[in-house]
Amino acid sequence: MSEIPNNTDIRTPAPAERSLNFVEQIVEEDLATGKNGGRVHTRFPPEPNGYLHIGHAKSICLNFGLADKYGGKTNLRFDDTNPVTEDTEYVESIKADVRWLGFEWENEFYASDYFDQLYEFAEKLIQKGLAYVDDSTAEEIAAQKGTPTEPGKESPYRSRSVEENLDLFRRMKAGEFPDGAKVLRAKIDMAAPNMHFRDPIMYRIKHAHHHRTGDKWCIYPMYDFAHGQSDSIEQITHSLCTLEFEVHRPLYDWYIQQLEIFPSRQIEFARLNLTYTVMSKRKLLQLVNEGHVRGWDDPRMPTIAGIRRRGFTPASIRDFADRIGIAKRDNLIDVGLLEFCIREELNKTTARVMAVVDEKPLRVVLTNYPVGQVDEVSIENNPEDPSSGHRSVPFSREVYIERDDFMENPPKKYFRLSPGGMVRLKGAYIIKCEEVVKDNAGEIIELRCTYIPESRSGSDTSGINVKGTIHWVSVAHAVEAEVRLYDRLLTVEDPSAEEGDFKSFINPNSLEIVRAYVEPTLKAAKTGDRFQFIRKGYFCIDPDSTDEKLVFNRTVTLKDTWAKEQKKA
RNA sequence: UGCCGGAUCGUCUAAGGGUAGGACGACAGAUUUUGGUUCUGUUUGUGAGGGUUCGAAUCCUUCUCCGGCAACCA
């Protein structure tokens, strides 16, 4: 009777009949033509240099979802070719985030697993006369590159012999040269219209400790020389990445072709953009480092960790990824869709509880209710789920309500309490406001009301019909709690469309911490538990919560058509 | 000015010569002991011009607009 059901993670229901996105179309064509022997093998390739965000979640759902759908496999591969920026700390958080989203990988691989193989590939290209060691400085190489409209110039070191290149490259590997002294470049075409073909760098010297290979290497492959080959080594059939890699694809294909290895196919899709936030690692890092948020898992952040702490569920993120679709045009998704997804799930799964979220709630004294009497009223845990049952909540002569639920001079169509008006206290009785008590400053400090004894919920014989029902908490039984109310991080929909630094659009009111008085059953709540505060929104227990002090995060508000009407007026 | 992409309701996303459909949002109504939920209904779109065709969002053509590409980052 007094149990509050736990939230459980419901899997996304069987997908409704839906048309195929362009990646699925490609896969189905490949399957139909027998390409790759009917195999589908994808990979999710994060660089372990930061935390995952909801944009990565889109990619994770695409890659793992595709494999699930077509009976394939997905590898988790860390693209760890730059030891200077990467760290094991990120590896662990990334794995935790992928698992939290509900996916399990076939293999856990690292680009660094292939360093020996990649090195052999590089020697092979040297042997074929397709790569050379260049002594130019970074600046010189940049200058040689030309511009998008002007061809580049060939490096003076471009015509070294195969033997000399081999010798130099081996000595680079052996650590004979300092950082930046030399690079290995592919010998392609300095006049190519695609900038990436203008003798791209394959290897650079970095005397740096690698999180996995330690000090074994002092030369590290560049992205372009590692990614396609890694895909190929793993026999990845469909290598999905975002649009900015589109111009890399010819080079991806070129290396595979010259090396004569398994031809993985790169397919690009548009990355996710969300309104009122930023998604780039660099900008998120700035928010953290400059203290605009409390950390990577700040509930205002679009990181997986932040969203999780905010109270979102894995299923709601998967549902969101499903709804936004996959295409190649640039997009800016309304964050309202994400909110819709979480509301839809939480509506079905969370217990409704009473919480008066107000620094200074209004005390309501029921003058005709016996002093000292406590009624246990029965409240439905979740009207959407009859199996969730009921629990009892103490009711007494004095209750708190929110100040917003009373107006001395109410506008038309205000259904809450007002002088002489009636309202139902959810799950309890109908009350009538008889007297408004104010202090010397004219501030309302108390409402003196009468209750209708025959109107008790479930056995109402009063015949009275009231328009409004409000939530309440018995003063004597109320548990004080901290509630963190979050709003959008930025004040503008699309910071990229605005002049100036995105930080000038940070919403100063994105976090509001308020006191609340909650029903006593919540004392037993544990970190991560989710609830609907009746008429307010969905909330979850934050990890900062302790036995002495409950801390709630507001995941999302309930839809509020009254507030919307007010705004219009 | 070079190369590579892209352009369909307000926002996403389908339809690839044959009725422009779905989701979210918005609006209106019904139900409701949450101004929640649920249900019903409505609204709005093929960037522009020309061409092919009985028929074009789809094919051809000219143009416009938007994004990406010049890290020893990924």
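Letters go in sequence order (proteins before strands), and every chain restarts at 1.
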Main-chain N/O of A:Val377 paired to A:Asp375 side chain as donor or acceptor, under 3.5 Å: no

Sidechain-backbone polar pair: A:Lys187 side chain, A:Arg158 backbone, donor-acceptor under 3.5 Å: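 Looks like yes, one N/O pair under 3.5 Å.
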
Touch class at under 4.0 angstrom, heavy-atom based, for A:Arg329 against every strand present: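 Answer is base: heavy atoms of A:Arg329 come under 4.0 Å of a base.
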
Which whole number of Å gives the distance between the [atom1] atom of [N] and that of [M]?
| N | M | atom1 | value |
| --- | --- | --- | --- |
| B:G10 | B:G29 | P | 24 Å |
| B:C9 | B:U43 | C1' | 10 Å |
| B:C24 | B:G45 | C1' | 15 Å |
| B:A56 | B:G68 | C1' | 30 Å |
| B:A48 | B:C69 | C1' | 28 Å |
| B:C63 | B:A15 | C1' | 26 Å |
| B:C12 | B:G5 | P | 22 Å |
| B:U52 | B:U61 | P | 15 Å |

Length of the line joining A:Asn21:CG and B:A23:C1', which is rounded to integer Å: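 The answer, rounded to whole Å, is 15 Å.
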
Value in whole Å for how far the C1' atom of B:G5 lies from CD1 of A:Ile267: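 Roughly 15 Å, once rounded to whole Å.
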
Side-chain donor/acceptor contact of A:Thr469 with base of B:U34 under 3.5 Å: no

Under-4.0 Å side-chain N/O to phosphate OP1/OP2 contact, A:Gln266 with B:C4: no

A:Lys467 side-chain N/O to B:U32 phosphate OP1/OP2 under 4.0 Å: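 So the side chain of A:Lys467 is outside the cut-off, no N or O lying under 4.0 Å from OP1 or OP2 of B:U32.
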
Opposite nucleotide pairing with B:A70, Watson-Crick or G-U, both atom distances under 3.5 Å: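 Checking every strand shown, B:A70 finds no partner, since no pair has both distances under 3.5 Å.
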
Under 4.0 Å protein heavy-atom contacts per nucleotide of nucleotides 36-48 of chain B, with B for base, S for backbone only and - for none: BB-----------

Contact pattern, 5' to 3', of nucleotides 68-74 of chain B - B, S or - by protein heavy atom under 4.0 Å: BSB-BSB

Residues A:Asp322, A:Arg318: salt bridge by 4.0 Å N-O rule: no

Cationic tip of A:Lys206 above A:Tyr220 ring, under 6.0 Å, 45° of axis: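 No, A:Lys206 and A:Tyr220 do not form such a contact.
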
Could you go through residues 42-49 of chain A and list every donor-acceptor pair under 3.5 Å that involves a side-chain atom there, pairing it with any protein atom two or more places apart or in another chain?
residue	atom	partner	partner atom	Å
A:Thr42	OG1	A:Asn63	O	2.9
A:Thr42	OG1	A:Thr74	OG1	2.9
A:Arg43	NH1	A:His227	NE2	2.7
A:Arg43	NH1	A:Ser239	OG	3.0
A:Arg43	NH2	A:Leu240	O	2.2
A:Glu47	OE1	A:Asn49	ND2	2.9
A:Glu47	OE2	A:Thr85	OG1	3.3
A:Asn49	OD1	A:Lys281	NZ	2.5

Minimum-distance nucleotide to A:Tyr414 side chain [options: B:C12, B:G35, B:G2]: B:G35

A:Glu89-A:His211 side chain donor-acceptor pair, cut-off 3.5 Å: no

